[in-house]
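Data block below; observations after.
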Amino acid sequence: MFYNIAISEAPINLSFTYSSELDLELGERVVVDLHGNKVKGYVLEKVESSTRKVKPVLERIDGFSFLSVKDVELVKWISHHFFSP
């Protein structure tokens with residue numbers, strides 16, 4: 001499965017696609033490799049496929065999400081509307 005992940009404390013308004021064998025929840029915190037560094041990210045959405053080679057999610061932090069689906073959608077809207085990471 002593929003997931004779009006927002007990188008915590010990233011100065012850019014982008015998400016990155018990662019793969020995972022596990023079924024991750026929206027809003028769940030994970031650790032991923034970004035340019036050779038282990039960074040914390042948040043699952044934004046599940047995507048069907050990726051046209052690029054993607055890295056795997058390294059680990060789940062909590063194993064569940066503190067955010068509801070509506071919370072994740074609100075955060076995505078705020079980020080898009082105000083051009084904020």
Side-chain angles (χ1 to χ4, degrees):
M1 290 176 267
F2 298 98
Y3 297 91
N4 284 339
I5 308 286
I7 305 301
S8 181
E9 301 179 20
I12 55 175
N13 189 16
L14 293 175
S15 62
F16 299 90
T17 303
Y18 288 86
S19 66
S20 177
E21 301 271 329
L22 304 171
D23 189 23
L24 303 175
E25 296 181 34
L26 295 185
E28 186 172 345
R29 297 187 312 162
V30 294
V31 175
V32 295
D33 178 354
L34 182 67
H35 304 297
N37 298 312
K38 288 184 179 180
V39 296
K40 183 176 18 175
Y42 296 86
V43 177
L44 291 180
E45 61 188 347
K46 185 186 284 191
V47 292
E48 294 298 319
S49 63
S50 176
T51 58
R52 301 180 190 187
K53 182 177 178 185
V54 297
K55 296 179 184 178
V57 170
L58 299 177
E59 67 180 89
R60 296 170 93 172
I61 295 176
D62 305 306
F64 58 92
S65 176
F66 291 103
L67 302 171
S68 71
V69 173
K70 287 187 179 193
D71 292 336
V72 174
E73 293 301 320
L74 177 62
V75 169
K76 287 169 38 178
W77 180 85
I78 290 170
S79 176
H80 183 282
H81 187 73
F82 293 103
F83 305 104
S84 170

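Side chains included, hydrogens not; waters and symmetry mates left out as well; all remaining heavy atoms used.
Interatomic distance, CZ of Arg29 versus CG of Leu24, reported as 13.5 Å (0.5 Å rounding). Note: Leu34 CG to Ile5 CD1 = 11.5 Å, rounded to the nearest 0.5 Å. Interatomic distance, Asn4 CG to Thr17 OG1, rounded to the nearest 0.5 Å: 4.0 Å. Atom OH of Tyr42 and atom CZ of Phe66 lie 9.5 Å apart (nearest 0.5 Å).
With a 4.5 Å cut-off on side-chain heavy atoms, Asp23 and Lys46 count as touching.
Placement of Trp77 and Phe83 in two distinct hydrophobic clusters is found when ILVMFWY residues are connected by side-chain heavy-atom separations under 4.5 Å, directly or transitively. Note on Val31: it does not cluster hydrophobically with Leu14, by side-chain heavy-atom contacts below 4.5 Å among ILVMFWY residues. Transitive grouping of hydrophobic side chains (ILVMFWY, heavy atoms separated by less than 4.5 Å) brings Met1 and Val69 into a common cluster.
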*Evaluate side-chain contact (heavy atoms from CB on, under 4.5 Å) for Val32 paired with Lys38, printing each intermediate quantity in order.*
CA-CA 6 Å; Val32 295; Lys38 288 184 179 180; over 6 Å; no

*Would Lys76 and Glu45 satisfy side-chain contact (heavy atoms from CB on, under 4.5 Å), going step by step from the backbone distance to the final call?*
CA-CA 10 Å; Lys76 287 169 38 178; Glu45 61 188 347; 3.5 Å; yes

*Can Val30 and Ile61 be said to form a side-chain contact (heavy atoms from CB on, under 4.5 Å), step by step?*
CA-CA 5 Å; Val30 294; Ile61 295 176; 5.6 Å; no

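With sequence neighbours excluded, the residues satisfying side-chain hydrogen bond (donor to acceptor under 3.5 Å, both in side chains) with Ser79 are Asn13.
Using modelled atom types, one side-chain atom of Glu28 and one backbone atom of Glu25 make a donor-acceptor pair closer than 3.5 Å. Side-chain atoms of Tyr3 do not come within 3.5 Å of backbone N or O of Leu26 as any donor-acceptor pair.
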Anything under 3.5 Å between a donor and an acceptor, one on a side chain of residues 50-59, the other on a protein residue two or more places apart or in another chain? List them.
residue	atom	partner	partner atom	Å
Ser50	OG	Arg52	N	3.3
Ser50	OG	Arg52	O	3.2

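Looking at every heavy atom in both residues, Gly27 comes nearest to Ser65 through C-OG, 3.3 Å.
Between Phe16 and Tyr18, the ring planes lie perpendicular to each other; the angle is over 60°, past the 30° to 60° tilted range.
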